[in-house]
Amino acid sequence: MSKPSSKPLTENEKIRYHRQMIFPGWGEKTQEKLKKSRVFVAGAGGLGSPVSLYLAVAGTGVIRICDFGEPELSNLNRQILHDDSRIGKNKALSAKETIERINPDVKVEPLKDKITRESVSFLVGEVDLIIDCLDNFDTRHILNRYAVQNSIPMIHAGVYGMQGQLTFIKTPETPCLWCINAGSPPPVVFPIVGATAGVMGCVQALEAIKYLSGIGSNLLGTLLIWDGTSMEFNHLPQKKTPDCPVCGDAL
Amino acid sequence: MTLNTKELIRYQRQMLINNWGEGGQEKLRSSTVFIAGAGGLGSPVAIYLTAAGIGQIRICDFGKPELSNLNRQILHAESDIEKNKALSARETLFNINPHVNVVPLTVKLTENTVDELVGESDIILDCLDNFDTRHILNQYAVQKKLPMVHAGIHGLSGQITFIHSPETPCLHCIFPGSTPNQIFPVAGVTPGVIGVLEALEAIKWILGIGVNLKGKLLTWDGELMEFCKIEIKKDPNCPVCG
Ligand SMILES: [Zn+2]
Ligand SMILES: [Zn+2]
């Protein structure tokens with residue numbers, strides 16, 4: 001497992017990140033915090049693509065990116081980490097190639113296994129934050145349980161067609177994913193355009209950067225609902241389920 | 001020409017969207033967009049329009065990528081420093097989708113060049129970083145009755161609106177002046193969010209799906225993750241569209 005660097009910023013990094021470091025409250029200290037951060041990106045698909053690319057250009061220290069699948073032609077309308085030449089490779093390995101080209105300062109740890117109850121602990125490892133870029137609720141609930149048990153914050157996002165939703169989960173402060181979306185709808189091939197995952201993925205990346213750097217406030221206990229056809233954004237307050245089998249008091 | 005088998009597979013998931021289908025995909029393929037600027041906004045705009053299968057992208061930038069651009073301009077990498085940005089964009093976009101015809105334009109956008117640069121585009125995407133050039137583009141869009149998606153960013157905030165004069169106010173009605181050019185703070189995800197929204201507004205307009213941000217300015221505060229729609233009105237005395 002690679003260790004995030006604890007060294008001060010190099011001259012190159014000071015230039016590369018200059019424009020974000022002049023943001024009020026950011027500066028070199030915050031940039032160093034980002035450099036020391038480790039994040040787990042679950043899924044290198046439509047959401048995982050913008051999430052990992054924008055975390056990389058922002059200078060996040062270590063990105064652990066996990067996907068057991070291989071890019072297919074029908075993925076390429078949205079999964080901008082991959083291209084025609086990567087078809088047949090593993091997605092996490094393909095992601096590493098793209099991310100390291102875009103910012104060689106960032107360490108990428110590709111993980112090629114499926115997230116299961118057995119593998120989740122080994123795959124997530126020691127990270128500051130989990131980013132849910134998955135496409136199914138069965139795996140999301142495995143990740144959610146792990147995040148709750150280990151008190152690791154998790155940014156959930158989901159997309160469909162031109163719509164999306166997003167929330168920042170940090171139990172016990174907030175409801176967990178099970179409180180918000182109990183159960184799993186059957187997996188289906190659903191409509192999706194790249195830009196939908198692009199918007200939600202960029203918002204996820206920003207929520208992550210804000211959390212890791214301590215800037216601004218996160219969508220804690222709030223579900224952001226977005227309808228791209230009308231460009232409506234809404235904040236829906238979320239409540240804990242008192243008897244939630246994952247985060248409830250009885251446990 | 002109908003879509004070939006590869007295109008049918010590549011765009012399968014988006015063609016499932018209501019009112020998209022093969023007809024919509026063919027419309028996208030026969031469309032040309034003009035992207036003014038291959039920087040922070042131009043990067044996600046061009047990348048997501050390319051992935052969606054737009055026919056032709058005319059991307060215009062006379063600058064070269066610098067190291068301090070790379071925290072946000074995901075079209076370019078360190079190895080592209082010293083190349084022209086529009087040419088660097090073409091390389092990146094060709095890898096993402098070889099079906100798209102990318103026309104790199106390496107000339108500065110001025111009153112004299114704007115007509116030739118925009119060419120036969122169906123829609124203009126304002127991915128610029130200064131209002132002087134934006135007003136040149138706006139004047140041209142109003143004269144030619146071309147739709148233009150305007151976006152601007154600063155720090156962790158941004159704004160976007162869909163301009164289509166005479167139906168909507170023009171950019172001059174909303175922002176009559178030019179702010180002095182200066183180095184402002186910006187993180188990559190800020191143009192990421194706003195740029196992808198711009199790409200989606202263009203796709204919706206080409207396909208006739210949903211409602212565009214006409215007469216409405218969407219403002220976004222990323223620190224609080226708050227989005228707000230502001231009604232905007234025409235200036236009856238506007239020197240551009242009045
Ligand atoms: Zn719960
Ligand atoms: Zn006007």
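Sequence lines set the chain letters: A, B, ... in the order given, protein chains first and strands last, and positions in each chain run from 1. The structure presented is a predicted model; accordingly, all values stated were derived computationally and were not measured.
Looking at Leu55(A), neither its backbone nor its side chain comes within 4.5 Å of chain B, counting heavy atoms on both sides. Of the atoms belonging to Leu219(A), it is side-chain heavy atoms, and not backbone ones, that fall under 4.5 Å from chain B. Proximity to chain A (any heavy atom under 4.5 Å) is restricted, for Leu213(B), to the side chain, taken from C-beta onward. There is no contact between Ile194(B) and chain A, counting heavy-atom distances below 4.5 Å. Proximity to chain B (any heavy atom under 4.5 Å) is shown, for Phe190(A), by both the backbone and the side chain. Using a 4.5 Å cut-off between heavy atoms, Asp227(A) makes no contact with chain B at all. Using a 4.5 Å cut-off between heavy atoms, Leu224(A) contacts chain B through its side chain alone, with no backbone atom that close. Proximity to chain A is absent for every atom of Asn69(B), based on heavy atoms less than 4.5 angstrom apart.
Contacts of residues 82-96 of chain A with chain B at a heavy-atom distance below 4.5 Å involve Asp83(A), Asp84(A), listed in sequence order.
Within the model, atoms CD of Gln14(B) and OG of Ser74(A) stand 11.0 Å from one another, a figure rounded to the nearest 0.5 Å. If you take CD1 on Ile22(A) and CD1 on Ile183(B), they are separated by 7.0 Å, rounding to the nearest 0.5 Å. Here the OG1-CZ distance, from Thr190(B) to Phe23(A), works out to 7.5 Å after rounding to the nearest 0.5 Å.
Remark: Arg101(A) does not engage Glu78(B) in a salt bridge, criterion side-chain N to carboxylate O under 4.0 Å.
A donor-acceptor pair under 3.5 Å links the side-chain atoms of Lys210(A) to the main chain of Gly222(B), judged by distance alone. Panel note: side chain Lys6(B), backbone Leu73(A); no donor-acceptor pair is recorded below 3.5 Å.
Looking at every heavy atom in both residues, His235(A) comes nearest to Leu224(B) through CE1-O, 4.1 Å.
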